[in-house]
Amino acid sequence: MPTRSPAPALPGDSLPQIVPSEVCLRCDVCCRFPERESFLRPYFTAEERERAIEHGLAPEHLPEARGGRIRLVPHPAGEGCLCPSFDPVTQHCAIYSVRPLDCRLYPLSLMRDEEGRTRLMGLDTKCPYVQDPAQASTLAAYARTMGRLLAEPELARVLADNPDLIGRYQEDVEAVVDLGVSGPWRPLQLGDRPWVDGLLAASPSELGVRTFPGVYLWRDHFEYVWRWIDGYFCLLAGYGSHRYLPWPPLPGPEADPGRWTDVVKVLFEAMVLPGERGDAARIEGVDERERAAFEAAGYEVAAHGAEYLYRREDLVDLRGNAYKTKRWAWNDFVKREVFTLGPLRDEDVPGCLTLYRRWREGKRRDPDPYVGALAEDAESAHRRALTERAALGLSGLAVTIDGAVAGYTLGGPITPGVCGVWCEIADPARRGLAAYLFREYCRAQTGVEWINAMDDSGLPALARAKRAYRPARLVHSAVVRRRSPF
């Protein structure tokens, strides 16, 4: 009969245990929970989840591949719920040899302080062993030892990578060790997109700036770092000595809505560096539906920008007098040029970048220096969109004339019903090409109702071009600042 291969060792497997087995087997506290969604249910890292499933735990009890809290099951002979690995008759755990760090730490518990500003490790006073006065000094020493072990690189990384291991404040946990602030700021990376997209989908907005590509494309100009605070995902952008938030804090599955105001306060404090006034401290990308909450919390909220939304069918059909000029431009290009239109491919990227540089040089000659500066800054965003488009969830079209790329466009989903256009460049010498490319890209976006062409960057000529397509509506964003004391 085949034998199961030994479980791979993980950080925390060798942590010392202090509660004797006979105490655990008589206890009626652990592994039982009053409600199914208890925030106290065990947390598994991605590696712990995989190992537990290999040892017989059904995957449906741990649905989050990147790690998360286990799904409880109803108690078969009593009230409340149980960990699915726990047998209430024998008091044994079916995966005890591969139990997660969260369980190995007990009777120590990881939590935030009441203000959510730091991480604490404490003793759970519900545990009968902790309640024994004779064990007080032993437990205090044990907690200090465990605190030092958690500060070692391997375990510190586990805590940093799994911020939800740190639970909310519990009055019946006696704090013993201060583990420091609630997680370090970590650089935003391309591999973060799938789970960040999940958080964005849970707080939907039609704003293109409220998307992963909407910030990541500009990472050559801004330093983007993130961390969790009280269950809220907080993204910070930095340039020079200035700091701001491109989005409001996004609630994760462990977020406490009652802590939202405190999280915003902590973020404004984090945006001000020592010795700086913090004049740039602000939260951008605020949806119109979020204004009231910030105003009620005492912040100054102002209009910040507007993105242009069109009905896709209007841009595909181009019917009526309102679109007469655009129809003419599309038809004129089709009749005059011999060209190829196709999905954007890797082999098109060098030609796209060559086209962009030619287009940028033309913008540098604009009498408004702001136009040239924007074109200069946007080059790195276009390069990143073109070279990393698949990983960013973007797709596009390219028009080729005489063997050279004459135009390209790139976009991707914002919400299930809205597609955004992030990049579009057309050779201005090819009359009607811009109109042709935009219409064909919209035609290819089957299954969506709306096309978001983003904002106009404050450029009058770009605003006129976007208004010429008759936007059905504008999606407004707001910026939040602290009120001046004067």
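Keep in mind that the numbers below use all heavy atoms, side chains included, and drop hydrogens, waters and symmetry copies. Nothing fancy with the numbering, it's 1 onward along the sequence.
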Does either side chain, that of Y408 or that of D348, offer a donor lying less than 3.5 Å from an acceptor on the other one? no
Tell me, with the steps shown, if Y469 and Y323 meet ring-ring contact (aromatic ring centres under 6.0 Å, His included). CA-CA 7 Å; Y469 276 98; Y323 292 102; 7.0 Å; no
For the pair Y356 and H382, name the ring-plane relationship: parallel under 30°, tilted 30 to 60°, perpendicular over 60°. tilted
Partners meeting salt bridge (Lys or Arg N to Asp or Glu O under 4.0 Å) with E284 (sequence neighbours left out): R282
Side-chain ion pair, E313 and R311, N-O less than 4.0 Å: no
SB check D332 R431 (cutoff 4.0 Å): yes
Pair listing, salt bridge (Lys or Arg N to Asp or Glu O under 4.0 Å) test, anchored in residues 294-310, at least two apart: R291-E295
Y43/D164 under side-chain hydrogen bond (donor to acceptor under 3.5 Å, both in side chains): CA gap, chis, key distance, verdict: CA-CA 8 Å; Y43 180 96; D164 288 338; 5.3 Å; no
Locate the shortest heavy-atom distance separating T261 from A297; write the atom from each residue and the value. CG2-CB, 4.5 Å
Trace of the ring-ring contact (aromatic ring centres under 6.0 Å, His included) decision for W218 with Y239: CA-CA 11 Å; W218 298 95; Y239 56 104; over 10 Å; no
R112 side chain to I166 backbone, donor-acceptor under 3.5 Å: yes
What I want to find out is whether R360 reaches E379 closely enough, with some N-O distance under 4.0 Å, to be called a salt bridge. yes
Does R41 come within less than 4.0 Å of E37, counting only side-chain N to carboxylate O? yes
Parallel, tilted or perpendicular: which describes the rings of F233 and W228, with under 30° parallel and over 60° perpendicular? perpendicular
Using a 3.5 Å distance criterion without hydrogens, assess whether the side chain of R384 forms a donor-acceptor pair with backbone atoms of A381. no
Under a 3.5 Å threshold, yes or no: a donor from one side chain and an acceptor from the other, between Y308 and D455? no
Hey, are R104 and D13 close enough for a salt bridge, meaning a charged N less than 4.0 Å from a carboxylate O? yes
